[in-house]
Student: 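Please find one structure pasted underneath; my questions will follow.
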Amino acid sequence: MYGPDLDYSLCLFTFLTSVSGVISHASCGGKARNSQLECTLHVNDLKQCSASEHLNQCFGDNGECDFPLLSGQGFLFSEAVKNISCYVYPEKSVTCSWMHNQRGILKYSLLISSSENLDCKLAFNTLGQFNVTIIAWNTRNQRVTLSHPFLVKTLERAMSPKPVDISITSITNDSISVKWNPAQCFAVRCMVYYRPVSSDHWKEVLHPGCKTICSQEINGLQPFTEYCVKVACATIGSKLWGPPSNNRTAKTLEIAPRHSVDVCQRVDTGRPDRLRKVWLMWKALEESHGSILGYWVNYTNQTKSVTVKTTDLKISFDAREEEYDIIVTAYNSAGVSPVSRLRLPSADNDIISDAPPVLGIWATTQGSTALVEWEMGETERAVSEFAIEWVASQDASSSRWLRVQPNFSSAVLHGNLHPSTTYNISIYPIYGDICGPPKSVPASLESGVIGGAGRWDITQVRKNSVTLNLKGYPAGQGNSLPKYNMTLTSKNGAQNFLVTSANQTFTIRHLTANTDYFLKVLAGASPSQLTSESFTTPLYDTEDILYAILPPTFLILLVLVLLTHYRTVYMGYLCPLIPNPSCSSIRQWGSLSAPEVTPKLLDLELLSTVELPAENFSIQVMPSEPPVITEAMEEDPDYIENYTPNFWDMFFKKTDVS
């Protein structure tokens, strides 16, 4: 019904094949977009054919209608031009796009036609309709291809222009109001698109319709979030949406923090002034609903309450040996977060102190970043997080923090690191609500390691360990501490250790006794060796020898003590002493003079029964000299007992017969 007639087709073919200069003047320049071609005709550029038989056709130049009709060859309708789509800016222009899969150098023109008389000036009226035919001319083989006509109903294919004057009129913590001008005199319906700046996904809100100034409120937004907004409109009755407006951004208002602060504490006891040093540290509250301005810390005992305001993530204070109630909150311009509460017990025995620091820490610098590494070792308590703080040596307010998971042993510090500034980097192990003590290391992006890296000397070798001391390192100059790479090699293989110079002593454990080892130490990635030394672990340590000797020695001494005690206590009962007459004092009675005591003489008659030897034996009786015996001697039994043997010896000596 709306297709071009055959007479026009023959005329067009004759014109295109006969006058190449006219086609270039009348053609619409097409441009490719990934094999997609597009062409636009404005209503002011359309020329209507003056021939009465072609009054229903409009070209880019009316010269196309001045040539006589010829029955031509090479003209055809083709499927080569396909996927035609057109949209109209009412009373302004028509734009069509298509795909063409033919090879060669092609030029294109658009033919506007109708089954009835067509006024080209009114072709794009909102109530009109027309056909669009794509004319493709191959400049190599002079072949002309026509697409099948594409019917355009202006009202359905009308494209609304881009809205203008878009602005944000009001903002709350969960809504934004936007206003715009649809930039046309027809009634339109509009779509408002919005998304967070951090997202690529657009959401939509449909505005039912307006004519001049339109406005729409967007609800259900997140507090303290920046949003991007744009608007696109469509003429009421059209199936096509016009191009979107320019983007506008707006940020919703913040609300009070909804989450509490994650706080841990550490208490240092044993001070001579009977005070305790309390350290509080917390994780930065990363609230998406507001900008945290700072933190309130309140600690209260029975006598007083103290409140501290800080922007840092840690504080310390002196506490008496009393129970304290500690509260930490975050705040922003809209309010205060829920409280985090801790209790400090009054007794030191109730304070948890088994929270060790990291074993070692070292820092290396490269470019504008600093790499900090640490070694934790085995602990009875599980580490829940590591907190890293780096602060300029001369500016405590420059403190910055980073939290990493417990399975990490390194972190990269970057951003706002000035090359000429020395930073103190500290590592805090976190055990739930207990803060471990920090270990620190100085680092500088500019200075690096000054004065050499020192030397590790072996100071003690034991059967299962070796201890090394760092010698000659210029500590305290604020330089980046090198990372020492130690390699210990033996017949059992090689072991590698990463050591920091923050601690001047390092001990390698779990060695094998009576084994030869070779130690090599490098400073960071330096190819030069700081230490290259061999050693042999002893078979026994001094303690082993003492443990082997001391127990038998103690056992022998114990036996001797028991034997001595046994002889003293029980020997008198088991083995009683038998008196020895020769040691008695009675043997000396004969030599003692006692005039007042008459000595007893031997009765010779009693010896008549004594058998004497027959020969060379005689008994001689000597004059008696009575011993002097006093009463003290008679009454002293020890004297008589001790001298009795002497008495008998004297008697037999005096009575001996030669």
Side-chain angles (χ1 to χ4, degrees), residues 2 33 36 38-46 58 83-98 110 112 114 118-132 150-172 175-197 199-221 227-250:
Y2 298 102
R33 294 181 180 176
Q36 186 83 10
E38 185 178 281
C39 184
T40 299
L41 279 179
H42 295 274
V43 66
N44 295 331
D45 296 334
L46 291 179
C58 297
N83 295 338
I84 301 176
S85 178
C86 298
Y87 62 86
V88 178
Y89 283 110
E91 302 179 357
K92 292 183 179 181
S93 66
V94 61
T95 300
C96 295
S97 62
W98 65 91
L110 299 183
I112 307 299
S114 175
L118 179 63
D119 186 351
C120 294
K121 298 298 182 183
L122 303 176
F124 305 148
N125 190 287
T126 55
L127 300 179
Q129 60 183 15
F130 54 88
N131 286 325
V132 176
F150 180 80
L151 176 61
V152 176
K153 294 182 179 180
T154 303
L155 185 61
E156 294 181 357
R157 308 299 298 181
M159 180 74 70
S160 178
K162 180 172 69 174
V164 296
D165 299 332
I166 181 171
S167 61
I168 305 299
T169 57
S170 65
I171 301 174
T172 67
S175 67
I176 294 175
S177 294
V178 58
K179 183 176 69 174
W180 68 94
N181 185 352
Q184 70 175 28
C185 59
F186 304 105
V188 295
R189 71 188 195 281
C190 298
M191 189 73 73
V192 180
Y193 300 89
Y194 67 96
R195 64 174 174 83
V197 173
S199 173
D200 295 328
H201 177 66
W202 291 93
K203 296 183 180 181
E204 304 171 351
V205 175
L206 179 62
H207 187 280
C210 60
K211 289 186 178 180
T212 54
I213 301 300
C214 309
S215 63
Q216 178 67 44
E217 184 177 50
I218 308 171
N219 295 308
L221 305 181
Y227 284 89
C228 185
V229 181
K230 65 181 180 180
V231 180
C233 296
T235 303
I236 294 178
S238 175
K239 298 179 180 179
L240 303 177
W241 288 96
S245 66
N246 297 330
N247 294 343
R248 289 290 181 269
T249 57

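Note that these values count all heavy atoms, side chains included, but never hydrogens, waters or copies made by symmetry.
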Student: Do Val178 and Thr169 have side-chain heavy atoms sitting under 4.5 Å apart?
Tutor: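 No; the side chains remain at least 4.5 Å from each other.
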Student: Just how far is it from atom CZ of Arg195 to atom CH2 of Trp202, taken to the nearest 0.5 Å?
Tutor: 4.5 Å
Student: Please round to the nearest 0.5 Å and tell me the distance separating atom OG of Ser177 and atom CD of Gln216.
Tutor: 8.5 Å
Student: Do Arg189 and Trp241 form a cation-pi contact, if we require the NZ or CZ to be under 6.0 Å from the six-membered ring centre and within 45 degrees of the ring's axis?
Tutor: yes
Student: Supply the atom-to-atom distance Cys214 SG to Asp165 CG, rounded to the nearest 0.5 angstrom.
Tutor: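 Result: 11.5 Å between the selected atoms.
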Student: If I take atom SG from residue Cys39 and atom CG from residue Leu110, how far apart are they, to the nearest 0.5 angstrom?
Tutor: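 The CG atom of Leu110 is 4.0 Å from SG of Cys39, to the nearest 0.5 Å.
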Student: Taking the cut-offs as 6.0 angstrom to the six-membered ring centre and 45 degrees off its axis, would you call Lys230 and Trp180 a cation-pi pair?
Tutor: no
Student: Would you compute the distance between atom CG of Asn247 and atom SG of Cys228 and round it to the nearest 0.5 angstrom?
Tutor: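 Asn247 CG to Cys228 SG: 3.5 Å, rounded to 0.5 Å.
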Student: How about Cys190 and Cys210, are their SG atoms within less than 2.5 Å of each other?
Tutor: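 No.
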Student: Is the shortest heavy-atom distance from the side chain of Tyr193 to the side chain of Val205 under 4.5 Å?
Tutor: no
Student: Please test Glu217 against Ile176 for side-chain contact (heavy atoms from CB on, under 4.5 Å), starting from the C-alpha separation and ending with a verdict.
Tutor: CA-CA 6 Å; Glu217 184 177 50; Ile176 294 175; over 6 Å; no
Student: Taking Ser215's backbone N and O only, do any of them form a donor-acceptor pair with His207's side chain (distance below 3.5 Å, no angle check)?
Tutor: yes
Student: Look only at the side chain of His42 and the backbone of Asn44, and say whether a donor-acceptor pair between them is shorter than 3.5 Å.
Tutor: no
Student: With the side chain counted from C-beta on, respond yes when Tyr89 and Thr40 share a heavy-atom pair under 4.5 Å apart, and no when they do not.
Tutor: no
Student: Donor-acceptor pairs are to be reported for all side-chain atoms of residues 152-163 against protein atoms at under 3.5 Å, with residues two or more places apart or in another chain.
Tutor:
unit_1 : atom_1 : unit_2 : atom_2 : d
Thr154 : OG1    : Asn125 : O      : 3.0
Thr154 : OG1    : Gly128 : O      : 3.1
Arg157 : NE     : Cys86  : O      : 2.8
Arg157 : NH2    : Ser85  : OG     : 3.2
Arg157 : NH2    : Cys86  : O      : 2.9

Student: Measure the shortest side-chain to side-chain distance between Glu204 and Met191 over non-hydrogen atoms and say whether it is less than 4.5 angstrom.
Tutor: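 Counting from C-beta outward, Glu204 and Met191 do come under 4.5 Å.
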Student: With side chains defined as the heavy atoms from C-beta onward, is the minimum distance between Thr212 and Asn181 less than 4.5 Å?
Tutor: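 Side-chain contact under 4.5 Å: no.
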Student: Can you check whether Ser238's main-chain N or O pairs, donor with acceptor, with Thr235's side chain at less than 3.5 Å?
Tutor: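 Not a single qualifying donor-acceptor pair exists.
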Student: If you look at every heavy atom in Val188 and Pro182, which pair is closest and at what distance?
Tutor: CG2-CB, 3.7 Å
Student: Hey, are the side chains of Pro196 and Tyr227 touching, using non-hydrogen atoms and a 4.5 Å cut-off?
Tutor: yes
Student: Is Val229 close to Thr249 at the side-chain level, that is, under 4.5 Å between some pair of heavy atoms?
Tutor: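 Counting from C-beta outward, Thr249 and Val229 never come under 4.5 Å.
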Student: Give the minimum heavy-atom separation between Val132 and Cys96, together with the two atoms involved.
Tutor: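 Smallest interatomic distance, heavy atoms only, reads CG1-SG, 3.7 Å.
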Student: Find the distance between CD1 (Ile218) and CD1 (Ile168) and round it off to the nearest 0.5 Å.
Tutor: 7.0 Å
Student: Could you check whether any side-chain heavy atom of Trp98 comes within less than 4.5 Å of a side-chain heavy atom of Phe150, counting everything from C-beta outward?
Tutor: no
